[in-house]
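Each ligand, and each atom within it, is numbered from 1 in the order the structure gives.
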Amino acid sequence: ERPDALPRDLEGRRILVSAGGTREPLDPVRFLGNRSSGKQGYAIARLAVQRGAEVTLVSGYTAGLADPAAVDMVHVRTAEDMRVAVGKHAPGFDAVIMAAAVADFRPSTMVASKIKKGAGEPDSIALTKNEDILAGLVQSRRDGEIPSKTVIVGFAAETGDADGDVLTYARAKLARKGCDLLVVNAVGEGKAFEVDHNDGWLLGADGSESALEHGSKALMASRVLDAVDQLFRTL
Ligand code: CTP
Ligand code: CA
């Protein structure tokens with residue numbers, strides 16, 4: 001990569017990115033987590049800096065990624081920590097890009113001491129829903145708590161099934177979340193209905209849909225930032 005060769009088209013923009021997965025504690029040594037590597041969010045943060053933006057990265061757990069150079073880092077553990085960190089920073093940013101894999105549920109109680117195996121069958125784990133950070137941001141914008149011109153971007157990894165294909169689910173998710181842009185990754189089985197070579201789509205709240213052909217995370221990052229830059233110029 002030659003940062004000097006990149007356009008400085010994001011100069012003066014402040015971009016908040018979330019990345020990685022959250023961990024929801026069950027007891028002092030155990031958690032519910034996910035397999036997010038954090039790579040896509042980190043690639044976006046890195047590229048945004050190279051294109052001239054001021055970037056803050058709210059990061060959960062990753063596959064051992066190093067903090068990117070020239071990015072303000074906020075490390076968090078749980079979905080609730082991430083919600084608080086994103087909520088605190090969002091008002092000062094031109095865009096919020098939610099690439100993080102936020103846990104949908106947490107164990108309802110954090111047990112203070114390590115759960116013992118005991119002699120009998122184990123207890124079930126009761127779960128509580130975590131707040132939806134992305135939907136909360138959209139609501140805050142509606143309520144005027146963050147500027148109306150703040151660009152809000154969500155991510156979704158979708159599979160098709162007997163009831164619908166990836167795009168159908170993704171369009172419904174975009175509508176449900178109310179964000180400006182949804183970056184859709186078509187994952188796993190059920191891709192038979194999709195056109196060859198398309199690994200995903202960029203769906204805009206304005207109805208725009210563009211295919212994301214298979215490529216590196218850096219290429220995906222550049223496509224996402226191009227779309228965000230486009231929104232900066234139109235919103
Ligand atoms: N997200 C969030 N807060 C949550 C859950 C998800 O901000 N508690 C964000 C993710 O960072 C992502 C987007 O919402 O940008 C979509 O996440 P996804 O898991 O695909 O959506 P859900 O609404 O949780 O739907 P489901 O997991 O049932 O598909
Ligand atoms: Ca989810």
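Note on ligand 1: Ala100 sits in its first shell, one or more heavy atoms being nearer than 4.0 Å. Heavy-atom distances between Lys173 and ligand 1 reach below 4.0 Å in at least one pair.
Using a 4.0 Å cut-off between charged side-chain N and carboxylate O, Asp9 and Arg51 make a salt bridge. A salt bridge between Arg141 and Asp180 is present, with a side-chain N of the basic residue lying under 4.0 Å from a carboxylate O of the acidic one.
On a distance-only criterion, Phe155 and ligand 1 share at least one N/O pair closer than 3.5 Å. Residue Met98 has at least one N or O atom closer than 3.5 Å to an N or O atom of ligand 1.
Using a 4.5 Å cut-off between side-chain heavy atoms of Ile, Leu, Val, Met, Phe, Trp and Tyr, with links allowed through other members, Ile44 and Met73 fall into the same hydrophobic cluster.
Side chain of Ser108 to backbone of Ala126: a donor-acceptor contact under 3.5 angstrom is found.
The nearest protein atom to atom 7 (O) of ligand 1, hydrogens excluded, is given as Leu134 N, 2.8 Å; this is a heavy-atom distance. The shortest contact between atom 14 (O) of ligand 1 and any protein heavy atom is with Lys177 NZ, 3.1 Å. The closest protein non-hydrogen atom to atom 3 (N) of ligand 1 is Ile133 N, 3.0 Å. Protein heavy atom at the shortest distance from atom 27 (O) of ligand 1 is Asp104 OD2, 3.2 Å. Nearest protein neighbour of atom 8 (N) of ligand 1, counting heavy atoms only, is Glu131 O, 2.9 Å.
Judged by distance alone, the side chains of Asp165 and Thr168 do bring a donor and an acceptor atom under 3.5 Å apart. Of the N and O atoms on the side chains of Gln230 and Arg233, not one donor lies less than 3.5 Å from an acceptor on the other residue.
Atom CD in Glu158 sits 8.5 Å away from atom OH in Tyr169 (nearest 0.5 Å).
Considering each of Thr159, Val86, Asp132, the one bringing a non-hydrogen atom nearest atom 1 (N) of ligand 1 is Asp132.
The distance from ligand 1 to the heavy atoms of Gly154 drops below 4.0 Å at these ligand atoms: 15 (O).
Asn130 has its side chain within reach of Glu24: a pair of non-hydrogen atoms, C-beta onward, lies under 4.5 Å apart.
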